[in-house]
Amino acid sequence: MPELPEVETVRQGLTRWVTGRRIASVEVRHPRAVRRHAPGGVHFADVLADRTVLDVRRRGKYLWLPLDSGDAVIGHLGMSGQLLVQPADAPDETHLRVRFRFADDGPELRFVDQRTFGGLSVSAGGAELPVEIAHIARDPMDPEFSDAAFVAALRRRRTEVKRALLDQTLISGVGNIYADEALWRAKLHGARPTDALTGPAALRLLGHVRDVLAEAITSGGTSFDALYVNVNGESGYFDRSLNVYGREGQPCRRCGAPVRREAFMNRSSYSCPRCQPRPRGALRG
DNA sequence: GGTAAGTCCTGAAGGC
DNA sequence: TGCCTTCAGGACTTAC
(Lines give C-alpha, C1' and ligand atoms only; values in the text may rest on other atoms or scores of the structure.)
Protein backbone atom coordinates (compact mmCIF):
# COMPACT_ATOMS: atom_id res chain seq x y z
CA MET A 1 0.00 0.00 0.00
CA PRO A 2 1.88 3.01 -1.19
CA GLU A 3 2.46 5.73 1.35
CA LEU A 4 5.04 8.47 1.24
CA PRO A 5 8.13 6.24 1.53
CA GLU A 6 6.90 4.02 -1.29
CA VAL A 7 6.06 6.98 -3.49
CA GLU A 8 9.45 8.56 -2.76
CA THR A 9 11.14 5.29 -3.73
CA VAL A 10 9.20 5.32 -7.00
CA ARG A 11 10.11 8.98 -7.57
CA GLN A 12 13.79 8.23 -7.19
CA GLY A 13 13.53 5.32 -9.60
CA LEU A 14 11.62 7.32 -12.19
CA THR A 15 14.07 10.19 -11.94
CA ARG A 16 16.79 7.82 -12.98
CA TRP A 17 14.87 6.04 -15.72
CA VAL A 18 12.65 8.62 -17.47
CA THR A 19 14.12 12.10 -16.92
CA GLY A 20 15.27 13.62 -20.19
CA ARG A 21 13.48 11.05 -22.37
CA ARG A 22 11.01 12.00 -25.08
CA ILE A 23 7.64 10.26 -25.08
CA ALA A 24 6.82 8.73 -28.47
CA SER A 25 3.31 7.49 -27.76
CA VAL A 26 0.92 6.68 -24.94
CA GLU A 27 -1.53 3.81 -24.85
CA VAL A 28 -4.49 4.05 -22.46
CA ARG A 29 -5.79 0.55 -21.88
CA HIS A 30 -8.38 1.29 -19.19
CA PRO A 31 -10.45 4.50 -19.05
CA ARG A 32 -10.69 4.47 -15.27
CA ALA A 33 -6.92 4.92 -15.02
CA VAL A 34 -7.27 8.40 -16.56
CA ARG A 35 -10.67 9.30 -15.07
CA ARG A 36 -9.18 12.42 -13.47
CA HIS A 37 -8.23 13.63 -16.92
CA ALA A 38 -11.52 15.28 -17.86
CA PRO A 39 -10.95 15.51 -21.66
CA GLY A 40 -10.55 11.73 -21.79
CA GLY A 41 -8.03 9.09 -22.73
CA VAL A 42 -7.54 10.08 -26.37
CA HIS A 43 -6.71 13.64 -25.36
CA PHE A 44 -4.42 12.33 -22.64
CA ALA A 45 -2.39 10.38 -25.19
CA ASP A 46 -2.38 13.18 -27.79
CA VAL A 47 -1.12 15.88 -25.47
CA LEU A 48 1.79 13.72 -24.27
CA ALA A 49 3.13 12.57 -27.62
CA ASP A 50 6.54 14.06 -28.50
CA ARG A 51 6.93 15.69 -25.09
CA THR A 52 10.10 15.35 -23.04
CA VAL A 53 10.06 14.54 -19.33
CA LEU A 54 12.11 17.15 -17.47
CA ASP A 55 11.93 15.92 -13.88
CA VAL A 56 9.99 13.79 -11.37
CA ARG A 57 8.56 15.58 -8.34
CA ARG A 58 6.41 14.63 -5.39
CA ARG A 59 3.89 16.30 -3.07
CA GLY A 60 2.70 13.88 -0.40
CA LYS A 61 1.64 10.71 -2.20
CA TYR A 62 1.24 12.48 -5.55
CA LEU A 63 3.91 12.44 -8.23
CA TRP A 64 4.14 14.80 -11.14
CA LEU A 65 6.38 14.84 -14.20
CA PRO A 66 7.02 18.33 -15.59
CA LEU A 67 7.19 18.32 -19.39
CA ASP A 68 8.91 20.57 -21.91
CA SER A 69 5.43 21.83 -22.91
CA GLY A 70 4.89 23.41 -19.48
CA ASP A 71 2.27 20.77 -18.67
CA ALA A 72 2.78 17.93 -16.22
CA VAL A 73 1.70 14.32 -15.87
CA ILE A 74 0.12 13.80 -12.44
CA GLY A 75 0.17 10.33 -10.94
CA HIS A 76 -1.31 8.75 -7.82
CA LEU A 77 -0.76 5.09 -7.04
CA GLY A 78 -3.93 4.68 -4.98
CA MET A 79 -3.63 1.52 -2.96
CA SER A 80 -2.38 -0.91 -5.57
CA GLY A 81 -0.76 1.16 -8.31
CA GLN A 82 2.73 0.59 -9.66
CA LEU A 83 4.87 2.54 -12.09
CA LEU A 84 7.15 -0.01 -13.69
CA VAL A 85 10.06 0.49 -16.06
CA GLN A 86 10.03 -2.55 -18.31
CA PRO A 87 11.81 -3.70 -21.46
CA ALA A 88 9.56 -3.17 -24.47
CA ASP A 89 9.42 -6.90 -25.12
CA ALA A 90 8.37 -7.81 -21.56
CA PRO A 91 4.92 -9.45 -21.45
CA ASP A 92 2.02 -7.16 -20.53
CA GLU A 93 1.06 -7.24 -16.87
CA THR A 94 -2.46 -8.51 -16.10
CA HIS A 95 -3.52 -5.12 -14.79
CA LEU A 96 -1.58 -2.92 -17.21
CA ARG A 97 -3.58 0.32 -17.54
CA VAL A 98 -1.34 2.83 -19.33
CA ARG A 99 1.84 2.34 -21.39
CA PHE A 100 4.38 5.04 -22.29
CA ARG A 101 6.70 4.33 -25.21
CA PHE A 102 9.77 6.51 -25.68
CA ALA A 103 11.43 7.86 -28.78
CA ASP A 104 14.74 6.18 -27.87
CA ASP A 105 13.09 2.72 -28.08
CA GLY A 106 14.38 2.10 -24.56
CA PRO A 107 12.42 0.66 -21.64
CA GLU A 108 8.71 1.48 -21.40
CA LEU A 109 7.00 3.14 -18.47
CA ARG A 110 3.94 1.16 -17.40
CA PHE A 111 1.16 2.09 -15.02
CA VAL A 112 -0.16 -1.12 -13.53
CA ASP A 113 -3.04 -1.01 -11.05
CA GLN A 114 -5.12 -3.93 -9.87
CA ARG A 115 -7.80 -2.06 -7.91
CA THR A 116 -7.74 1.15 -9.97
CA PHE A 117 -7.86 3.54 -7.02
CA GLY A 118 -4.87 5.26 -8.56
CA GLY A 119 -4.72 7.15 -11.81
CA LEU A 120 -2.94 9.51 -14.17
CA SER A 121 -3.90 12.88 -15.63
CA VAL A 122 -2.30 15.82 -17.40
CA SER A 123 -2.26 19.19 -15.68
CA ALA A 124 -2.24 22.06 -18.17
CA GLY A 125 0.55 24.45 -17.23
CA GLY A 126 1.22 22.43 -14.10
CA ALA A 127 4.95 21.92 -14.44
CA GLU A 128 5.83 23.96 -11.35
CA LEU A 129 3.00 22.71 -9.10
CA PRO A 130 -0.22 21.33 -10.61
CA VAL A 131 -3.27 23.22 -9.36
CA GLU A 132 -5.00 19.86 -8.93
CA ILE A 133 -2.70 18.98 -6.05
CA ALA A 134 -1.98 22.44 -4.65
CA HIS A 135 -4.33 21.72 -1.72
CA ILE A 136 -2.10 18.88 -0.52
CA ALA A 137 0.04 19.94 2.43
CA ARG A 138 3.79 19.57 2.44
CA ASP A 139 5.13 16.39 3.99
CA PRO A 140 7.29 16.38 7.12
CA MET A 141 10.41 15.50 5.12
CA ASP A 142 9.98 18.67 3.03
CA PRO A 143 12.56 21.33 4.01
CA GLU A 144 9.80 23.97 3.87
CA PHE A 145 7.47 22.07 6.21
CA SER A 146 6.79 24.21 9.28
CA ASP A 147 6.69 22.28 12.56
CA ALA A 148 5.21 25.24 14.44
CA ALA A 149 2.46 25.79 11.88
CA PHE A 150 1.58 22.10 11.93
CA VAL A 151 1.37 21.98 15.72
CA ALA A 152 -0.83 25.07 15.78
CA ALA A 153 -3.12 23.75 13.03
CA LEU A 154 -3.36 20.33 14.69
CA ARG A 155 -4.40 21.80 18.03
CA ARG A 156 -6.97 24.03 16.36
CA ARG A 157 -8.74 20.97 14.97
CA ARG A 158 -11.64 19.46 16.83
CA THR A 159 -11.21 15.86 15.81
CA GLU A 160 -9.30 12.69 16.72
CA VAL A 161 -5.53 12.66 16.33
CA LYS A 162 -5.35 9.71 13.93
CA ARG A 163 -7.97 11.23 11.67
CA ALA A 164 -5.92 14.43 11.65
CA LEU A 165 -2.73 12.55 10.71
CA LEU A 166 -4.56 11.09 7.70
CA ASP A 167 -5.80 14.51 6.55
CA GLN A 168 -3.57 15.30 3.56
CA THR A 169 -4.44 19.00 3.75
CA LEU A 170 -2.89 19.17 7.24
CA ILE A 171 0.14 16.94 6.74
CA SER A 172 0.75 14.80 3.68
CA GLY A 173 2.29 11.43 3.11
CA VAL A 174 0.95 9.67 6.22
CA GLY A 175 -1.35 6.72 5.61
CA ASN A 176 -2.96 4.13 7.83
CA ILE A 177 0.19 2.10 8.44
CA TYR A 178 2.55 4.89 9.43
CA ALA A 179 -0.12 6.72 11.43
CA ASP A 180 -0.47 3.63 13.63
CA GLU A 181 3.30 3.22 13.92
CA ALA A 182 3.87 6.88 14.88
CA LEU A 183 1.04 6.81 17.45
CA TRP A 184 2.52 3.67 18.99
CA ARG A 185 5.92 5.33 19.31
CA ALA A 186 4.30 8.43 20.84
CA LYS A 187 2.24 6.24 23.21
CA LEU A 188 -0.93 7.98 22.05
CA HIS A 189 -4.27 6.39 21.23
CA GLY A 190 -5.60 7.49 17.84
CA ALA A 191 -8.89 8.59 19.37
CA ARG A 192 -7.22 11.27 21.48
CA PRO A 193 -8.80 14.66 20.75
CA THR A 194 -6.43 16.97 18.90
CA ASP A 195 -7.47 20.06 20.82
CA ALA A 196 -6.46 18.39 24.10
CA LEU A 197 -2.87 17.69 22.95
CA THR A 198 -0.26 19.95 24.50
CA GLY A 199 2.15 21.71 22.19
CA PRO A 200 5.12 19.57 23.31
CA ALA A 201 3.06 16.38 22.90
CA ALA A 202 2.09 17.38 19.36
CA LEU A 203 5.72 18.16 18.58
CA ARG A 204 6.83 14.78 19.93
CA LEU A 205 4.22 13.05 17.78
CA LEU A 206 5.45 14.92 14.72
CA GLY A 207 8.99 13.78 15.51
CA HIS A 208 7.84 10.16 15.59
CA VAL A 209 5.98 10.59 12.30
CA ARG A 210 9.15 11.94 10.74
CA ASP A 211 11.28 9.12 12.19
CA VAL A 212 8.93 6.41 10.94
CA LEU A 213 8.83 7.90 7.45
CA ALA A 214 12.59 8.40 7.31
CA GLU A 215 13.28 4.83 8.37
CA ALA A 216 10.77 3.51 5.85
CA ILE A 217 12.31 5.53 3.03
CA THR A 218 15.69 4.05 3.91
CA SER A 219 14.13 0.59 3.69
CA GLY A 220 12.48 1.29 0.34
CA GLY A 221 8.94 1.23 1.68
CA THR A 222 6.55 -1.35 3.07
CA SER A 223 5.03 -4.26 1.24
CA PHE A 224 2.78 -7.05 2.46
CA ASP A 225 1.29 -8.70 -0.57
CA ALA A 226 3.51 -7.77 -3.50
CA LEU A 227 0.98 -5.17 -4.62
CA TYR A 228 3.54 -2.48 -4.02
CA VAL A 229 6.88 -2.65 -5.79
CA ASN A 230 9.31 0.01 -6.87
CA VAL A 231 9.93 0.91 -10.49
CA ASN A 232 12.07 -2.15 -11.02
CA GLY A 233 9.57 -4.53 -9.48
CA GLU A 234 11.37 -5.06 -6.19
CA SER A 235 9.40 -5.02 -2.94
CA GLY A 236 10.40 -2.95 0.04
CA TYR A 237 11.04 -4.64 3.35
CA PHE A 238 10.05 -2.10 5.98
CA ASP A 239 7.22 -4.43 7.07
CA ARG A 240 9.80 -6.36 9.07
CA SER A 241 10.20 -3.24 11.20
CA LEU A 242 6.53 -2.59 11.98
CA ASN A 243 5.73 -2.54 15.68
CA VAL A 244 1.93 -2.67 15.74
CA TYR A 245 0.41 -2.56 12.27
CA GLY A 246 -0.97 -5.96 11.28
CA ARG A 247 0.15 -7.55 14.57
CA GLU A 248 -3.21 -8.18 16.24
CA GLY A 249 -2.85 -10.51 19.24
CA GLN A 250 0.95 -10.52 19.09
CA PRO A 251 2.89 -9.08 22.04
CA CYS A 252 3.66 -5.36 22.08
CA ARG A 253 7.39 -5.02 21.47
CA ARG A 254 7.56 -2.54 24.38
CA CYS A 255 5.43 -4.03 27.15
CA GLY A 256 4.29 -7.44 25.93
CA ALA A 257 0.53 -6.79 26.05
CA PRO A 258 -1.33 -8.29 23.07
CA VAL A 259 -1.78 -5.76 20.25
CA ARG A 260 -5.43 -4.88 19.65
CA ARG A 261 -7.23 -4.15 16.40
CA GLU A 262 -10.13 -1.70 16.24
CA ALA A 263 -12.40 -0.68 13.37
CA PHE A 264 -11.72 2.83 12.15
CA MET A 265 -13.11 4.57 9.07
CA ASN A 266 -13.88 1.30 7.27
CA ARG A 267 -10.36 0.04 7.96
CA SER A 268 -8.29 -1.05 10.95
CA SER A 269 -6.32 0.61 13.69
CA TYR A 270 -3.68 -1.30 15.61
CA SER A 271 -2.44 -0.21 19.01
CA CYS A 272 -1.16 -1.44 22.37
CA PRO A 273 -3.93 -1.44 24.99
CA ARG A 274 -1.40 -0.80 27.77
CA CYS A 275 0.96 1.75 26.17
CA GLN A 276 -1.84 3.58 24.35
CA PRO A 277 -4.84 3.72 26.65
CA ARG A 278 -8.11 4.79 25.07
CA PRO A 279 -9.01 8.30 26.19
CA ARG A 280 -11.90 8.70 28.59
CA GLY A 281 -15.12 9.56 26.82
CA ALA A 282 -14.20 7.86 23.56
CA LEU A 283 -17.11 5.71 22.44
CA ARG A 284 -15.65 2.99 20.26
CA GLY A 285 -14.09 -0.20 21.48
C1' DG B 1 -19.67 -12.00 1.92
C1' DG B 2 -16.16 -9.58 4.52
C1' DT B 3 -11.78 -7.17 4.15
C1' DA B 4 -8.18 -3.90 2.81
C1' DA B 5 -6.76 0.70 1.11
C1' DG B 6 -6.61 6.64 -0.22
C1' DT B 7 -9.19 10.18 -1.97
C1' DC B 8 -13.25 12.55 -3.38
C1' DC B 9 -17.84 13.83 -2.62
C1' DT B 10 -21.91 14.86 0.00
C1' DG B 11 -24.53 15.94 3.80
C1' DA B 12 -24.38 17.19 8.66
C1' DA B 13 -22.87 20.00 12.26
C1' DG B 14 -20.93 23.92 14.30
C1' DG B 15 -19.46 28.86 14.66
C1' DC B 16 -20.32 33.58 14.08
C1' DT C 1 -31.75 33.03 9.96
C1' DG C 2 -28.09 32.29 6.90
C1' DC C 3 -23.60 31.79 5.31
C1' DC C 4 -19.19 29.71 5.72
C1' DT C 5 -16.05 26.34 7.46
C1' DT C 6 -15.09 21.98 9.36
C1' DC C 7 -16.08 17.22 10.20
C1' DA C 8 -17.84 12.36 9.43
C1' DG C 9 -18.87 8.77 6.65
C1' DG C 10 -20.08 6.55 2.24
C1' DA C 11 -18.62 5.30 -2.49
C1' DC C 12 -15.40 3.62 -5.46
C1' DT C 13 -12.65 -1.17 -6.85
C1' DT C 14 -11.10 -6.05 -6.95
C1' DA C 15 -8.54 -10.19 -5.41
C1' DC C 16 -8.50 -13.19 -1.84
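Chain identifiers are assigned alphabetically (A, B, ...) following the order of the sequence lines, protein sequences preceding nucleic acid strands; residue numbering begins at 1 within each chain.
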List the residues meeting salt bridge (charged side-chain N to carboxylate O under 4.0 Å, His left out) with [X], not counting sequence neighbours, and say none if there are none.
X        : answer
A/Arg204 : none
A/Arg59  : none
A/Arg210 : A/Asp147

[N] phosphate, OP1 or OP2, under 4.0 Å from [X] side-chain N/O:
X        : N     : value
A/His135 : B/dT7 : no
A/Gln168 : B/dG6 : no
A/Arg261 : B/dA4 : yes
A/Ser268 : B/dT3 : no
A/Tyr62  : B/dC8 : yes

Can you tell me the distance, in whole Å, between the [atom1] atom of [X] and the [atom2] atom of [N]?
X        : N     : atom1 : atom2 : result
A/Phe264 : C/dC7 : CZ    : P     : 13 Å
A/Leu77  : B/dG6 : CG    : P     : 12 Å
A/Glu248 : B/dT3 : CD    : P     : 11 Å
A/Lys61  : B/dT7 : NZ    : C1'   : 9 Å
A/Leu166 : C/dA8 : CG    : C1'   : 13 Å
A/Leu170 : C/dT5 : CG    : C1'   : 15 Å
A/Arg163 : B/dT7 : CZ    : P     : 14 Å
A/Asp167 : C/dG9 : CG    : P     : 15 Å

Exercise. Determine whether A/Trp184 and A/Val259 make a side-chain contact, defined as any pair of heavy atoms from C-beta on separated by less than 4.5 Å.
Key: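 Side-chain contact under 4.5 Å: no.
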Exercise. Quick one, give me the B/S/- string for nucleotides 10-16 of chain C, reading 5' to 3', where B means a protein heavy atom under 4.0 Å from the base and S means that only happens at the primed atoms, P, OP1 or OP2.
Key: --BBBS-
Exercise. Treat primed atoms plus P, OP1 and OP2 as sugar-phosphate and everything else as base, then score nucleotides 9-16 of chain B 5' to 3': B for base contact with protein heavy atoms under 4.0 Å, S for sugar-phosphate contact only, - for none.
Key: --------
Exercise. Test A/Leu83 against every option in A/Val98, A/Leu14, A/Val112, A/Asp113 by the side chain to side chain contact (heavy atoms under 4.5 Å, CB included) rule and name the one that passes.
Key: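 Between A/Leu83 and the candidates, side chain to side chain contact (heavy atoms under 4.5 Å, CB included) is satisfied uniquely by A/Leu14.
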Quiz item: When we call it a touch if two heavy atoms are under 4.0 Å apart, what does A/Arg156 touch: a base, just sugar-phosphate, or nothing?
Solution: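 A/Arg156: no heavy atom of the nucleic acid under 4.0 Å.
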Quiz item: So with a 6.0 Å cut-off around CZ of A/Arg158, is the heavy-atom count from everything else above 12?
Solution: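 No.
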Is the closest basic N to carboxylate O distance between [X] and [Y] below 4.0 Å?
X        : Y        : value
A/Glu132 : A/Arg36  : no
A/Lys61  : A/Asp139 : no
A/Asp68  : A/Arg22  : no

Exercise. Please list all pairs passing the ring pair (Phe, Tyr, Trp, His ring centres under 6.0 Å) test where one or both residues lie in residues 70-121 of chain A, with sequence neighbours left out.
Key: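 Non-adjacent pairs meeting ring pair (Phe, Tyr, Trp, His ring centres under 6.0 Å): A/Tyr62-A/His76.
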Quiz prompt | Among B/dC8, C/dC7, B/dG6, the nucleotide that comes nearest once only the side chain of A/Thr159 is considered | solution =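 Of the options given, the side chain of A/Thr159 lies nearest C/dC7.
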